[in-house]
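Note that ligands are numbered from 1 as they come in the structure, with each ligand's atoms numbered from 1 the same way. Values below: every heavy atom of this structure, side chains too, minus hydrogens, waters and symmetry copies. None of the values given here were measured: they were computed from a predicted structure.
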Amino acid sequence: MTTPRPETLAKLTPVLTKRWLSPDAWRIGTYEKLDGYAALRKALKAHPDDLIQLVKDSGLRGRGGAGFPTGLKWGFIPQGDGKPHYLVVNADEGEPGTCKDLPLMTHDPHSLVEGVIIASYAIRANRAYIYIRGEAVHAARRLRNAVQEAYAKGYLGRNILGSGFDLELVVHSGAGAYICGEETALLDSLEGFRGQPRLRPPFPATHGLYASPTVVNNVGTIASVPYIVLGGAAWWKTMGTEKSSGPMIYSLSGRIANPGQFECSMGVTLRELLELAGGMQPGHNLKFWTPGGSSTPLLTAEHLDVPLDFESVAAAGSILGTTATQIFSDQDCPVYATYRWLEFYHHESCGKCTPCREGNYWMVRVYRRILSGQGTHEDLDTLLDTCDNILGRSFCGLGDGATSSVTSSLQYFKQDYLDYIEGRTAPKLSDKQLVGAH
Ligand SMILES: Cc1cc2nc3c(=O)[nH]c(=O)nc-3n(C[C@H](O)[C@H](O)[C@H](O)COP(=O)(O)O)c2cc1C
Ligand code: SF4
């Protein structure tokens with residue numbers, strides 16, 4: 001394991017993660033000792049519109065994958081419309097490789113609760129929900145406990161801290177479907193229906209939960225809000241780049257010495273993150289990686305110095321996504337990795353639209369053929385043609401995301417495919433697996 005140099009260590013900007021290593025960080029007492037709920041007191045004295053403006057000025061962009069400007073989203077909520085407004089926190093975190101929201105809720109759940117109260121006050125919502133993925137039992141337990149503690153201290157409920165503002169907060173566990181992370185499927189699931197995406201427009205800002213104005217934001221987005229309220233927009237913008245402001249939790253996994261979460265200013269590079277993570281495991285050399293989960297096109301060792309912000313990653317041909325960097329070495333096979341991701345997308349496809357439902361089903365079969373040594377050169381054209389019929393033609397982003405690793409692995413690693421087809425690489429799947437279980 002290599003030790004990071006001091007100048008690289010200085011790239012760490014612990015803001016959202018700053019309490020994680022404190023003893024009992026998840027308890028309200030610890031949270032209050034470490035600035036907790038000070039932002040709420042400050043926010044409740046401000047006009048809600050000024051808070052929306054503050055978040056706009058900070059340049060905060062959604063941490064759920066698409067990077068939509070948060071203040072702008074809050075500003076879309078119609079005011080004085082006589083309808084209930086809702087804040088829904090997306091804590092589904094299902095993107096393969098992503099591990100930033102669950103540790104945040106496990107270690108510092110009160111930062112999310114405080115963010116929820118401030119955001120609800122800003123958009124004039126008196127009811128908020130945190131939709132957490134079903135498997136995340138430990139995080140949900142910590143979160144529910146934090147909500148109870150916040151009620152007991154008068155941070156939630158009626159007339160919060162004597163401000164006249166009321167808020168009820170419900171933690172709802174989903175049933176573990178990746179599609180329920182897509183915001184409109186999440187709303188359907190929360191309403192008790194089968195989680196499938198809704199047609200847009202109308203957008204959740206006007207017709208969201210129970211057909212009322214709703215903001216859906218990621219855990220990291222909402223947990224950033226107390227820091228912006230306390231530190232100010234100008235301080236927030238001292239971190240990151242002009243268009244991608246603030247710190248970001250990058251989760252690193254794969255063939256590295258020290259996997260985990262590293263919070264750095266947006267625009268840090270993979271070369272720097274790898275140094276922070278102690279480098280590659282002995283005997284492994286970087287071959288390919290995802291900048292933001294498996295729905296983002298693969299990058300290679302050529303891209304080690306691409307700044308990991310929304311614009312620069314897009315310019316390099318990929319997507320920043322959830323900043324889940326999964327790192328693969330020269331001992332890993334991009335064809336097999338893509339096949340395993342496709343198995344996931346095929347399994348998680350909700351079946352509502354034909355391109356994604358059928359396309360992923362067939363692509364899994366083509367991969368099985370290639371990996372069992374029975375592929376043909378035409379299979380590569382079939383894969384690209386199928387991706388062409390999924391990308392931009394699917395009902396939601398799941399279909400689009402499924403094509404990312406297929407097209408990018410064919411772009412950078414066509415030789416690896418040809419080695420299976422032309423018999424230079426031994427088959428990875430048996431004939432039995434070729435048929436598959438479903
Ligand atoms: C298939 C799919 C899964 C998604 N999963 C998540 C998720 O687990 N968590 C999340 O915050 N956003 C997820 N999103 C993005 C949400 O639809 C939405 O953009 C996000 O919650 C908005 O929050 P933000 O503006 O704070 O980023 C997913 C999108 C798609 C298409
Ligand atoms: S793209 Fe896939 S997940 Fe999305 S609606 Fe269509 S079938 Fe469902």
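A side-chain donor from one of E32 and Y155 sits under 3.5 Å from a side-chain acceptor of the other. Side-chain contact, E95 with T322: no donor N or O sits under 3.5 Å from an acceptor N or O. Side-chain contact, D49 with Q53: no donor N or O sits under 3.5 Å from an acceptor N or O. Side chain to side chain, E93 and T98 fail the donor-acceptor criterion of an N or O pair below 3.5 Å. Using modelled atom types and a 3.5 Å distance limit, the side chains of S409 and Y417 yield a donor-acceptor pair. For S295 and Y178, the side-chain atoms include at least one donor-acceptor pair closer than 3.5 Å.
Checked for salt-bridge contact, R63 and E263 miss the test: no charged N lies under 4.0 Å from a carboxylate O. Ion pairing between a basic and an acidic side chain is recognised when a charged N comes within 4.0 Å of a carboxylate O; E272 and K11 show such pairing. Taking a cutoff of 4.0 Å between a charged side-chain nitrogen and a carboxylate oxygen, K42 and E114 do not qualify as a salt bridge. We find that D188 and R198 are joined by a salt bridge, their nearest charged nitrogen and carboxylate oxygen being less than 4.0 Å apart.
Among E182, E183, E348, the residue whose heavy atom lies closest to atom 31 (C) of ligand 1 is E182. One option in L72, V215, N90 has a heavy atom closer to atom 21 (O) of ligand 1 than any other, and that option is N90.
Under a 4.0 Å criterion applied to the non-hydrogen atoms of P197, ligand 2 contributes the atoms 5 (S). Residue contact check: I179 has heavy atoms under 4.0 Å from atoms 3 (S) of ligand 2. With ligand atoms numbered from 1 in the order given, ligand 2 contributes 7 (S), 8 (Fe) to contacts under 4.0 Å with heavy atoms of G351. Residue G62 approaches ligand 1 through these ligand atoms, each under 4.0 Å from one of its heavy atoms: 24 (P), 25 (O), 26 (O), 27 (O). Residue L398 approaches ligand 2 through these ligand atoms, each under 4.0 Å from one of its heavy atoms: 3 (S). Annotation for ligand 1: atoms under 4.0 Å from non-hydrogen atoms of V216 are 22 (C), 23 (O). Under a 4.0 Å criterion applied to the non-hydrogen atoms of G397, ligand 1 contributes the atoms 31 (C). Atom numbering of ligand 2 starts at 1 in the shown order; those under 4.0 Å from a heavy atom of S394 are 1 (S). Proximity to R63 (heavy-atom distance under 4.0 Å) selects the following atoms of ligand 1: 26 (O), 27 (O). Near S349, with a cut-off below 4.0 Å to any heavy atom, the atoms of ligand 2 are 2 (Fe), 7 (S). For ligand 1, the atoms closer than 4.0 angstrom to any heavy atom of T221 are 24 (P), 26 (O).
Annotation: atom 8 (O) of ligand 1 to nearest protein heavy atom, E93 N, 2.9 Å. Scanning all protein heavy atoms for the shortest distance to atom 4 (Fe) of ligand 2 gives C396 SG, 2.4 Å. Among all protein heavy atoms, the one lying closest to atom 23 (O) of ligand 1 is N218 N, 3.2 Å. Taking atom 27 (O) of ligand 1 as the reference point, the nearest protein heavy-atom neighbour is G64 N, 2.7 Å. Taking atom 6 (Fe) of ligand 2 as the reference point, the nearest protein heavy-atom neighbour is C353 SG, 2.3 Å. Ranking the protein heavy atoms by distance from atom 28 (C) of ligand 1 puts G181 O, 3.3 Å first.
Ligand 1 has at least one atom lying under 4.0 Å from a heavy atom of K73. Not a single heavy atom of E95 lies less than 4.0 angstrom from ligand 1. The shortest heavy-atom distance from G94 to ligand 1 is under 4.0 Å.
The number of heavy atoms from other shown groups lying within 6.0 Å of NZ (K18) is above 12.
Counting only distance, with no hydrogens or angles, the side chain of Y339 and the backbone of I370 share no donor-acceptor pair below 3.5 Å. Under a 3.5 Å cut-off, the side chain of R61 and the backbone N or O of K243 do form a donor-acceptor pair.
Among the atoms of C356, no N, O or S atom is found under 2.8 Å from atom 6 (Fe) of ligand 2. Residue side and main chain included, C350 places an N/O/S atom under 2.8 Å of atom 8 (Fe) of ligand 2.
Residues F328 and F288 place their aromatic rings such that the two centres sit under 6.0 Å apart.
Annotation: cation-pi pair R365/Y361 present, NZ/CZ under 6.0 Å from the ring centroid and within 45° of its normal.
Checked against a 3.5 angstrom limit, the closest N/O atoms of D92 and ligand 1 fall outside it.
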